[in-house]
Amino acid sequence: MAAQLQDYQRDFIAFAIEQGVLKFGEFTLKSGRVSPYFFNAGLFRSGAALARLGRCYAQAIADSGITADVLFGPAYKGIPLGATTAVALADHHDRDLPFAFNRKEAKDHGEGGLIVGAELVGRILIIDDVITAGTAIGEVMQLIDAAGAEPAGVVIALDRQERGQGEKSAIQEVEARYGMPVVSIVTLDDVLAYLESHAGDALKPHAEAIRAYRERYGVVAD
Ligand SMILES: O=P(O)(O)OC[C@H]1O[C@H](OP(=O)(O)OP(=O)(O)O)[C@H](O)[C@@H]1O
Ligand SMILES: O=C(O)c1cc(=O)[nH]c(=O)[nH]1
């Protein structure tokens, strides 16, 4: 059954396609899977685009009811996502939360270490672009555990609705393993619904390749 798209979800998908963030073709993922579509959040690359993106994340957080003490953006692409979300929460939701991010390689001079910005204390809300197999979130959880903090949840732009290590979705595995909610602005079902009913003729044929990929790696619903 086709997903019912809310207006803001349709706008978000159109915005991602327009910015070249959501692309169709052939892409090798971190998990090694070869995907017919890719969400490259690094291409939200102007002040206006990042500000609009931050408002979408902040709205998703407000709608979810998740509360947190610190926002965390995992390197690399999670860093600007976390930063723009922190700005939008302060500007539009009256929530001025501390913000932190990590380096992929520890710095051995100056202030040194892996974490930049706020200290990881209390409940940490992770801001990232996508979850495919869940590896990146596992890496962030090691940092949160090492700091003695607790996870509050994860907010992502796109739920790819793929299997993780077993038959469940990677997101269900993350929720069960770490006891925290995962919230997304849109899902792959939403993207398919958009391609089939709202996109121009040039984009419609990509829906078929995505359905075949979904048959191979996908789950029915999260
Ligand atoms: O659920 P997973 O299978 O881990 O895949 C998703 C992760 O992969 C990508 O990050 P990547 O580590 O490639 O780094 P980048 O942010 O530096 O591009 C993406 O930004 C997610 O964090
Ligand atoms: O699984 C990944 O590596 C991945 C998928 C995707 O859509 N976007 C991204 O940045 N990484």
Side-chain angles (χ1 to χ4, degrees), residues 12-13 15-17 19-45 49-50 53 56-57 71-85 99-106 114-116 124-144 151 153-178 180-192 194-195 203 206-207 209-214 216-219 222:
F12 181 75
I13 294 167
F15 174 48
I17 292 173
Q19 297 288 312
V21 167
L22 180 56
K23 279 207 165 72
F24 305 96
E26 193 175 289
F27 307 91
T28 302
L29 306 183
K30 183 170 181 161
S31 56
R33 295 174 188 171
V34 178
S35 168
Y37 74 100
F38 194 76
F39 189 88
N40 179 4
L43 293 177
F44 286 117
R45 54 184 174 178
L50 281 166
L53 181 66
C56 294
Y57 274 92
L71 296 177
F72 184 82
Y76 289 100
K77 292 203 292 272
I79 297 172
L81 303 181
T84 191
T85 302
F99 167 60
F101 60 92
N102 65 305
R103 303 178 197 280
K104 284 203 178 182
E105 297 89 21
L114 272 181
I115 305 297
V116 184
I124 315 296
L125 182 55
I126 303 161
I127 313 290
D128 208 353
D129 48 2
V130 298
I131 291 179
T132 302
T135 314
I137 296 301
E139 291 162 3
V140 176
M141 282 306 302
Q142 290 180 13
L143 297 172
I144 292 177
V154 186
V155 188
I156 51 173
L158 172 63
D159 175 357
R160 295 181 51 104
Q161 297 178 299
E162 291 186 34
R163 286 197 304 278
Q165 311 304 317
E167 287 306 303
K168 283 197 204 167
S169 81
I171 286 186
Q172 287 168 332
E173 286 178 358
V174 164
E175 290 182 320
R177 186 172 314 138
Y178 305 114
M180 63 178 172
V182 177
V183 170
S184 68
I185 301 169
V186 291
T187 64
L188 181 58
D189 281 341
D190 297 330
V191 172
L192 276 168
Y194 179 88
L195 288 178
L203 290 182
H206 295 295
I210 294 177
R211 283 202 186 284
Y213 179 82
R214 190 133 165 49
R216 180 156 185 205
Y217 294 113
V219 288
D222 286 318

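Since we're looking at a predicted model, the values are computed, not measured. We count ligands from 1, going down the list as the structure has it; atoms in each ligand are counted the same way.
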Do [X] and [Y] touch side chain to side chain, with heavy atoms closer than 4.5 Å?
X: Tyr37; Y: His206; answer: no
X: Phe24; Y: Leu203; answer: yes
X: Lys30; Y: Thr132; answer: no
X: Arg160; Y: Phe39; answer: no

Polar-atom distance check: [X] versus ligand 2, any N or O pair below 3.5 Å?
X: Tyr37; value: no
X: Lys77; value: yes
X: Lys30; value: yes

Using a 4.0 Å cutoff against the non-hydrogen atoms of [X], which atoms of ligand 1 qualify?
X: Asp128; value: 20 (O), 21 (C), 22 (O)
X: Val130; value: 6 (C), 21 (C)
X: Gly134; value: 1 (O), 2 (P), 3 (O)
X: Tyr76; value: 15 (P), 16 (O), 17 (O)

Does [X] approach ligand 1 within less than 4.0 angstrom via side chain, backbone, both or neither, non-hydrogen atoms only?
X: Thr135; result: both
X: Thr132; result: both
X: Lys77; result: both

### Message
Using heavy atoms and a 4.0 Å limit, tell me yes or no: is Glu139 in contact with ligand 1?
### Response
no
What residue among [options] forms side chain to side chain contact (heavy atoms under 4.5 Å, CB included) with [X]?
X: Phe72; options: Ile115, Leu125, Asp128, Ile127; value: Ile115
X: Val191; options: Asp159, Ile17, Ile13; value: Ile13
X: Ile156; options: Ile137, Val182, Ile126; value: Val182

### Query
Phe15 vs Phe12 aromatic rings, parallel, tilted or perpendicular, using cut-offs 30° and 60°?
perpendicular
Which heavy atom of the protein is the closest neighbour of [atom], given with residue, atom name and distance?
atom: atom 9 (C) of ligand 2; result: Phe38 CZ, 3.2 Å
atom: atom 14 (O) of ligand 1; result: Lys104 NZ, 3.2 Å
atom: atom 3 (O) of ligand 1; result: Ala133 N, 3.0 Å
atom: atom 9 (C) of ligand 1; result: Lys30 CD, 4.4 Å

### Message
As an exercise, state the distance from NZ of Lys23 to CG of Asn40, rounded to the nearest 0.5 Å.
### Response
6.5 Å
### Query
Going from CG on Leu29 to OG1 on Thr135, what distance comes out if it is rounded to the nearest 0.5 angstrom?
10.5 Å
### Summary
Short version for Val130: what comes under 4.0 Å of ligand 2, heavy atoms counted, is side chain
### Message
Checking contacts here: is it the side chain or the backbone of Asp129 that comes within 4.0 Å of ligand 2, counting heavy atoms only? Could be both or neither.
### Response
side chain
Using modelled atom types and a 3.5 Å cut-off, is there a donor and acceptor pairing between side-chain atoms of [X] and backbone atoms of [Y]?
X: Glu173; Y: Gln165; answer: yes
X: Ser169; Y: Gln172; answer: yes
X: Gln161; Y: Thr187; answer: no

### Val174, Ile171, Asp129: member with heavy atom nearest to atom 19 (C) of ligand 1
Asp129
### Query
Which is closest to atom 7 (C) of ligand 1 in terms of heavy atoms, Ala75, Gly73, Ala136, Gly138?
Ala136
### Message
Under a 4.0 angstrom heavy-atom cut-off, which atoms of ligand 2 come close to Thr132?
### Response
1 (O), 2 (C), 4 (C), 5 (C)
#### Entry: Atom indices of ligand 2, in the order listed, that fall short of 4.0 Å to a heavy atom of Phe39
6 (C), 7 (O), 8 (N), 9 (C), 10 (O)
### Task
Compute the minimum heavy-atom distance from Arg160 to ligand 2 and say whether it is under 4.0 Å.
yes
